[in-house]
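Just so you know, these numbers come straight off a predicted model, no measurement behind them. FYI, the numbering just counts along the sequence from 1.
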Amino acid sequence: MSGTRFGKLALTALLLASFTVMVPLAAYAERNEENSWWQRQKAKRESGASNNSLPSATTSNIFGSKAGKAVTKTEIFADRSVTPMVSVNSVSAMTNAIARYQDIAAQGGWAGVPNKSLKKGDDGDAVVALKRRLIAEGYLAADALTGETARWYTAAVEKAVAQFQANNGLAATGSLDKATVNTFNISVSKRLATMRANLPRIEEYSKGLADRYIIVNVPALQLEAVNRNTVFSRHNVIAGSPKRPTPVTMSQVSDINFNPYWNVPVSIVERDLLPRIRRNGTSVFREMKMRIYDGWNGPEVDPRTVNWKYVAADRYFFRQDPGEENSMASVKINFVSPFGIYLHDTPTKSLFTTAARYLSSGCVRVEQVSVLINWILNGQEGWSPGRIEQVTASEERMDVKVTNPPQVRTVYLTSWVNGAGQVNFRPDVYDLDNTSFVVGQPLAPGELSDDGERYVLKAQVYKVEEVPDRPESFSIFSPRRAERGERTSYGSNDPFSFFKPRKATTRSKSKSFFFGTTGTTSKKSLADIDDDDDVIFNFNGSSSKAKKKSLFEKKKKADIKKKEAAAAGKKKPAATANAKKKKPAQTAAAQKKPQPAASVEPVKKKKKVEEASATAGPQPPAGPR
């Protein structure tokens, strides 16, 4: 190749590269009235290619999942005046908003937004339709449809779209995506129905508000700490799943438990804990740092002495020791509630960054709970952020009575009005907007109360499943059921000790079944043994890799034996040959041995919920429901 030809090619490549770089730079220019670039590109855009197809839905609390990213965040508003979701002015604000939306409906409602993706820099008829929709709901001034920018997606439009997204639980990107289009196209009549359903709730939730109160709005998945009608801090929370909903109650903080025990409620014992024990064995107690007792405040029980196949969920009392892996982590905030719920920390803090955080069994987990604790104890003698951090790090139990307790209200608001007069909407996660629900315990999907409602007003007692009686006849195939209070030992007097693991009796470095190696004899009380196992509490935990490997190796050996047997041809295994030589009398005697029960009656379900008796005796503290 000649030098001249090479030089021409190099020059051409340089020019092409320069043009490629210049075009994107122009595209990033701010589009506004003073920018002449708009005029140069206007004709090209109007006659050019159409908008791209819509991207996937923006992650949101409505359409999102546990895998998506949260669209809300935890923050402190020390230098800003932020209006809470529930305040003394909430009723009048909602009443005015309903009147405004009724006027919109009387004028024919609002037109829909085209199913197109739009962003700042776009123009055309789709942008005009978007502007009209924003103007109808008060997010954009009417003059946005006049002048040279009437058809342009300006910075003002981007800001208005972002505000609309934030008020509807969507990611505030400022760009029009599928989820935002779907939300824009909800009719004004449906919005009015939602607002009217929430007005009686707001009236109830705003009654008698004190200077200091906590609002937990379940559909919003957020908690607000409020000082004199102004939000001090807002926290992401994890609330009850639709199958185990968080109840609505109005109460007051009573005390705070640092490094608390977790007293496992019967419902979780039955639904989660017992199935895991039956699947994985009593190693679950060591992994979860959990102990069992013969009733509330009763003696501790060795889980190896219990036949878990024949145990009702309410037979024993289960308690998880304090520590980082405790299901309530560092702190629990108590308040009087007929439904046995509370606020607490969690060891799985990564879940706060996910979108649809309806994951608990009814209680409320709070992100950056130390900020909330400091706010609750603010002004109480002997407490400061440093002291709170010190007590939490010690992992020692401490109960603190709150001397200036704030109110606590867990609420169910799918619509409310913010300080700017804009209406917020959230998903009806428990399907209650078409009912008269205000306060009480929502029921799981498909469940109805005795009077046909989707909720109940009184606390419920969870009724456990019946367990089948153990077979009357005993054989090595029918496991023995431990009787109430029975403490089986593994000594020589135990007729079943041959089939059970032996207990270590060496005085130096003896082994405890649940809590690892100790320096004392096996007679040492379980309560005196330190548990240093660092296993995160997880009911759905899988079996260990070693166990899987062992099963794999057994299967592999079995396959090898089959192949060897096939290769041996017609040669009979010794065991089979010996079996044929057995005397008829021995065979008959063997048949007379006790056989296992042919079948065990299936577990029968009782009624899931019943009203709590007013005369019921004291109950142990409930756990996260």
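Within the model, atoms CG of Asp321 and NZ of Lys289 stand 8.0 Å from one another, a figure rounded to the nearest 0.5 Å. The distance from the CZ atom of Arg279 to the CG atom of Leu274 is 11.5 Å, given to the nearest 0.5 Å. Rounded to the nearest 0.5 Å, atoms OG (Ser415) and CG (Asn168) are 9.5 Å apart. Separation of atoms CD1 (Ile214) and CD1 (Ile333) is listed at 6.0 Å; rounding is to 0.5 Å. Atom CD of Gln222 and atom CG of Asn217 lie 8.5 Å apart (nearest 0.5 Å). In this structure, OG1 on Thr392 lies 10.0 Å from CE on Met398, to the nearest 0.5 angstrom.
Summarising the geometry of Gln252 relative to Pro405, their closest heavy-atom pair is NE2-O, 3.4 Å, with the distance given to 0.1 Å. Ile373 and Ile388 get closest at one heavy-atom pair: CG2-CD1, 3.7 Å. Smallest separation of non-hydrogen atoms from Val248 and Phe339: O-CE1, 3.9 Å. Gly240 approaches Tyr358 most closely through the heavy-atom pair O-CB, 3.8 Å. Closest non-hydrogen pair, Met328 versus Tyr261, comes out as CE-O, 2.7 Å. Among all heavy-atom pairs drawn from Ser327 and Pro347, the shortest one is O-CD, 3.8 Å.
Of the possible donor and acceptor atoms, none in the side chain of Arg409 sits under 3.5 Å from a partner among the backbone N and O of Tyr213. At least one donor-acceptor pair closer than 3.5 Å links the side chain of Thr410 to the backbone N or O of Thr249. With hydrogens and angles ignored, the 3.5 Å screen pairs a side-chain donor or acceptor of Gln320 with a backbone N or O of Met288. When atom types are taken as modelled, the side chain of Ser360 and the backbone of Ala239 share a donor-acceptor pair closer than 3.5 angstrom. A side-chain donor-acceptor contact under 3.5 Å links Ser251 to the backbone of Val336. Under the 3.5 Å distance criterion, the side-chain polar atoms of Gln407 are matched with a main-chain donor or acceptor of Gly208. Between the side chain of Arg426 and the backbone N or O of Leu413 there is no donor-acceptor pair closer than 3.5 Å. For the pair Tyr412 (side chain) and Tyr430 (backbone), a donor-acceptor distance under 3.5 Å is present. Between the side chain of Thr246 and the backbone N or O of Gly362, at least one donor-acceptor pair lies under 3.5 Å. A donor-acceptor pair under 3.5 Å links the side-chain atoms of Asn326 to the main chain of Pro260, judged by distance alone.
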Practice prompt. Show the numbers, then the answer: is there a side-chain contact (heavy atoms from CB on, under 4.5 Å) between Ile215 and Val411?
Written response: CA-CA 7 Å; Ile215 292 292; Val411 305; 4.0 Å; yes
Item to complete: Start with the C-alpha distance between Arg454 and Asp431, add both sets of side-chain angles, then the distance that settles side-chain contact (heavy atoms from CB on, under 4.5 Å), and finish with yes or no.
Response: CA-CA 8 Å; Arg454 284 277 295 107; Asp431 192 24; 4.0 Å; yes
Worksheet entry | Derivation and outcome, salt bridge (charged side-chain N to carboxylate O under 4.0 Å, His left out), residues Asp302 and Arg291 | CA-CA 9 Å; Asp302 184 339; Arg291 304 172 190 271; over 6 Å; no
Practice prompt. Go through the steps to decide whether Leu209 and Val86 satisfy the test side-chain contact (heavy atoms from CB on, under 4.5 Å), and finish with yes or no.
Written response: CA-CA 9 Å; Leu209 285 173; Val86 178; 4.2 Å; yes
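Between Asp272 and Arg244 there is a salt bridge, since a side-chain N of the basic residue sits under 4.0 Å from a carboxylate O of the acidic one. A salt bridge links Arg201 with Asp433: at least one charged nitrogen is closer than 4.0 Å to a carboxylate oxygen. Looking at Arg276 and Glu287, a side-chain N of the basic residue comes within less than 4.0 Å of a carboxylate O on the acidic one, giving a salt bridge.
Ile238 has its side chain out of reach of Val364: every pair of non-hydrogen atoms, C-beta onward, lies at least 4.5 Å apart. Considering only heavy atoms from C-beta on, Val408 stays 4.5 Å or farther from Tyr342 through its side chain. Between Phe335 and Ile341, the closest side-chain pair of non-hydrogen atoms falls below 4.5 Å. The side-chain heavy atoms of Leu351 and Thr346, taken from C-beta on, include no pair separated by under 4.5 Å. Taking 4.5 Å as the limit, every side-chain heavy atom of Leu443 sits out of range of all side-chain heavy atoms of Pro245. Residues Glu389 and Ser370 fail the side-chain proximity criterion, which asks for heavy atoms closer than 4.5 Å. Asn259 places a side-chain heavy atom less than 4.5 Å from the side chain of Ser394. Side chains of Phe352 and Arg365 form a contact here, defined as non-hydrogen atoms less than 4.5 Å apart.
A ring-ring contact (aromatic ring centres under 6.0 Å, His included) with Trp296 is found for one member of Tyr316, Phe318, Phe317 and no other, namely Phe317. Screening Asn198, Thr194, Asp428 for a side chain to side chain donor-acceptor pair (under 3.5 Å) involving Thr414 leaves a single residue, Asn198.
Applying the salt bridge (charged side-chain N to carboxylate O under 4.0 Å, His left out) test to residues at least two apart or on different chains, the pairs with a partner in residues 333-350 are Asp345-Lys349.
With sequence neighbours left out, Glu204 forms a salt bridge (charged side-chain N to carboxylate O under 4.0 Å, His left out) with Lys207. For Gln380, the side-chain contact (heavy atoms from CB on, under 4.5 Å) test picks out Leu377, Trp383, Val400, Val402, Thr403, with sequence neighbours left out. The ring pair (Phe, Tyr, Trp, His ring centres under 6.0 Å) search around Tyr455 returns Phe437, not counting sequence neighbours. Listed by chain and residue number, Asp255, Asn334, Asp399 satisfy the side chain to side chain donor-acceptor pair (under 3.5 Å) test with Asn257 (two or more places apart in sequence, or in another chain). Under the side chain to side chain donor-acceptor pair (under 3.5 Å) criterion, Arg319 pairs with Tyr293, sequence neighbours left out. By the side-chain contact (heavy atoms from CB on, under 4.5 Å) test, Thr74 is found to be paired with His235, Asn236, Glu367, Gln368, residues two or more places apart in sequence or in another chain being considered. With sequence neighbours left out, Glu453 forms a salt bridge (charged side-chain N to carboxylate O under 4.0 Å, His left out) with no residue at all. With sequence neighbours excluded, the residues forming a salt bridge (charged side-chain N to carboxylate O under 4.0 Å, His left out) with Arg234 are Glu224, listed by chain and number. Not counting sequence neighbours, Tyr205 has no partner by the ring pair (Phe, Tyr, Trp, His ring centres under 6.0 Å) test. Residues passing the side chain to side chain donor-acceptor pair (under 3.5 Å) test with Trp308, sequence neighbours excluded: none. Here Glu203 pairs with nothing under the side chain to side chain donor-acceptor pair (under 3.5 Å) rule; sequence neighbours left out.
A cation-pi geometry, defined here as NZ or CZ lying under 6.0 Å from the six-membered ring centre and within 45° of its normal, holds between Arg212 and Trp375.
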